[in-house]
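For reference, the structure is listed below as structure tokens.
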Amino acid sequence: MNESLRMVIVLSLIAVISGGSLAVVDNFTKPKIEVNKVRAIKTGLKQLIPGAADFQKIEIQEKGDKFVVYRGLKDQQLMGWGFILSGSGFQDKISIIAATDPAISKLLGIEVLEQKETPGLGDNIKKEDFRAQFKGLSVLKVIGFVKNKKPMPGSNMIQAISAATISTKKLLSIINDNLKRLRGHQKIKQNRVK
Amino acid sequence: MKKGTPAFEFAKGLWNDNPVLVQLLGMCPTLAVTTTVVNGLAMALATSFVLIMSSLMVSTFRKWIPGSVRIASYIVIIASFVTLADRFLAAYFYDISKALGPFIPLIIVNCIILGRQEAFSSKNTVKMSLLDAMGMSLGFLIALVLLSSFREILGYGTWFGIKLMPAFFKPWVIMIMPPGAFFMLGIILGVSGVIKNRANKGVV
């Protein structure tokens with residue numbers, strides 16, 4: 001057989017076989033991965049919004065961006081909001097849940113769903129004691145940060161992760177920018193009372 | 001041990017031809033993920049799976065793959081197994097998959113894997129290639145666990161997440177930062193070199 005023809009055939013065959021097997025694997029792992037993701041969101045929401053038992057999903061279109069927002073309910077009463085927010089971090093996408101009180105005035109806390117920040121440095125954003133700083137901060141004002149020291153009480157700031165200022169900064173802008181956009185959205189306003 | 005025997009092909013990866021300590025291959029994951037032992041171990045296991053499976057495939061089909069497209073073929077085979085490992089972890093071990101983040105997909109560019117296909121599996125029988133891949137995987141695992149143990153103990157004061165150092169010990173933060181990886185790797189390479197030289201003196 002002609003050498004170049006053999007090259008084409010063998011390489012195409014390998015590509016077809018690997019493509020095919022990956023398609024099969026993707027087909028039956030995809031639903032499981034989705035279930036895992038939804039479970040991670042539900043667990044996060046339950047921890048962040050105290051008392052909430054039911055979660056109602058709302059999808060919002062805002063100037064070309066799609067957002068997913070959850071209303072945390074207890075006996076039909078609104079206990080808080082869970083915003084699924086994402087944006088670019090230091091290396092790749094960061095995706096978080098930011099939970100707020102029913103009035104969307106202060107944060108109940110945040111949970112990191114997906115991140116690929118530097119291990120040991122930027123990935124400290126998922127650590128409990130870092131995330132605890134967000135509890136009670138106002139979302140009516142911009143949340144800022146200070147380096148290497150504890151922020152003044154009431155300053156609406158957090159302490160940045162040392163050696164990972166960019167990860168901190170990116171995380172804050174994901175929260176600040178998106179909540180500002182979403183807070184006044186029609187669909188959120190309609191759902192606020194109940 | 002004589003070259004070419006099954007025992008030799010397996011054992012060479014552990015010490016004499018250790019992929020990290022001697023061949024200095026796969027430095028990216030070696031330096032990047034060894035901040036904790038759990039990360040280092042999970043990385044080594046995922047890499048082992050890809051290396052062993054790729055060696056199996058490449059040695060099985062070595063006679064059919066034309067020389068001029070061999071690298072492209074190996075990369076496609078390796079990439080398929082990496083994606084497979086990545087999807088499986090995400091579906092069944094969601095937490096580990098979240099912890100290792102981008103490093104699983106990056107196994108594709110680990111030189112140890114492509115290096116073994118090119119240097120060994122493409123020229124040897126399936127049995128020998130599997131032994132070679134297992135030896136190299138174990139050598140990689142030993143090096144990663146060694147490096148990550150020192151880094152975790154010094155950098156966090158823990159081992160496998162268990163508190164090991166006394167209360168007055170102040171963690172060396174530098175050890176879990178990238179420069180710490182270079183320091184520690186340098187020390188380990190130096191020490192293993194000294195041991196190797198001493199051992200060889202008796203023989204030669």
Side-chain angles (χ1 to χ4, degrees), chain A residues 1-41 43 89-95 111-127 161-164, chain B residues 29 31-36 39-40 43 57-58 61 63-95 97-106 148 151-152 155-156 173-181:
Chain A
M1 205 193 331
N2 185 321
E3 180 66 22
S4 52
L5 187 66
R6 212 181 99 185
M7 254 163 51
V8 174
I9 292 174
V10 170
L11 204 49
S12 313
L13 237 115
I14 293 177
V16 167
I17 293 170
S18 75
S21 48
L22 286 182
V24 172
V25 168
D26 188 56
N27 220 357
F28 82 92
T29 53
K30 206 174 193 174
K32 290 201 173 67
I33 297 172
E34 279 309 310
V35 168
N36 285 340
K37 279 187 180 163
V38 170
R39 194 187 299 144
I41 290 175
T43 325
F90 180 50
Q91 345 217 32
D92 208 323
K93 196 175 103 170
I94 298 179
S95 155
E111 177 73 57
V112 178
L113 295 172
E114 250 177 88
Q115 60 87 25
K116 294 180 178 174
E117 301 303 285
T118 323
L121 301 171
D123 78 342
N124 283 328
I125 57 170
K126 65 183 185 206
K127 285 242 168 101
I161 299 166
S162 35
Chain B
L31 292 165
V33 301
T34 51
T35 47
T36 63
N39 282 359
M43 183 69 202
M57 294 307 264
V58 168
F61 298 110
K63 293 203 176 101
W64 287 290
I65 298 173
S68 37
V69 291
R70 66 185 191 286
I71 300 288
S73 311
Y74 301 162
I75 284 290
V76 175
I77 292 171
I78 295 166
S80 307
F81 282 114
V82 171
T83 313
L84 215 88
D86 184 46
R87 297 285 86 189
F88 262 101
L89 282 177
Y92 298 100
F93 300 98
Y94 193 62
D95 289 333
S97 146
K98 259 174 86 177
L100 286 176
F103 292 111
I104 295 293
L106 281 176
S148 54
R151 289 184 69 196
E152 188 180 336
Y156 289 108
V173 180
I174 185 88
M175 273 302 155
I176 49 169
M177 303 209 317

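Only a predicted model underlies this, so the values are computations on that prediction, with no experimental measurement involved. Lettering of chains follows the sequences in order, A, B, ..., and the numbering in each one begins at 1.
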Which of S73(B), A79(B), A91(B) touches chain A most, by non-hydrogen pairs under 4.5 Å: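 Option with the greatest count: A91(B).
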
If you count heavy-atom pairs within less than 4.5 Å of chain A, which of A72(B), A90(B), S97(B) leads?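 Most pairs with chain A among the choices: A90(B).
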
Using a 4.5 Å cut-off on heavy atoms from C-beta on, say whether the side chain of K37(A) contacts that of Y94(B).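 In contact.
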
Does the side chain of L84(B) reach to within under 4.5 Å of the side chain of S21(A), using non-hydrogen atoms?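 Of all side-chain heavy-atom pairs linking S21(A) with L84(B), none is under 4.5 Å.
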
Using a cut-off of under 4.5 Å on heavy-atom pairs, state which of S4(A), S18(A), A15(A) scores highest against chain B.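 Most heavy-atom pairs under 4.5 Å with chain B: S18(A).
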
Minimum heavy-atom separation for [X] to [Y], with atom names?
X: M7(A); Y: V69(B); answer: CG-CG1, 3.4 Å
X: R6(A); Y: K63(B); answer: NH2-O, 4.0 Å
X: D26(A); Y: R87(B); answer: OD1-CD, 4.0 Å
X: W64(B); Y: V10(A); answer: O-CG2, 3.4 Å

Separation of [Y] [atom2] from [X] [atom1] (nearest 0.5 Å):
X: L121(A); Y: I176(B); atom1: CG; atom2: CD1; value: 6.5 Å
X: D86(B); Y: L22(A); atom1: CG; atom2: CG; value: 10.5 Å
X: L13(A); Y: I65(B); atom1: CG; atom2: CD1; value: 11.0 Å

Part of [X] within contact of chain B (heavy atom distance under 4.5 Å):
X: I17(A); value: neither
X: D92(A); value: neither
X: V112(A); value: backbone

Quick check: are there more than 12 heavy atoms from other residues, nucleotides or ligands sitting under 6.0 Å from CE of M57(B)?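 Open.
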
By a 4.5 Å heavy-atom criterion (distance strictly below it), what part of Y156(B) contacts chain A: side chain, backbone, both, or neither?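 Looking at Y156(B), just its side chain touches chain A.
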
Donor-acceptor pair, distance only, cut-off 3.5 Å: does the side chain of N36(A) make one with the backbone of Y92(B)?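 Flag not set: sc N36(A) to bb Y92(B) has no pair under 3.5 Å.
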
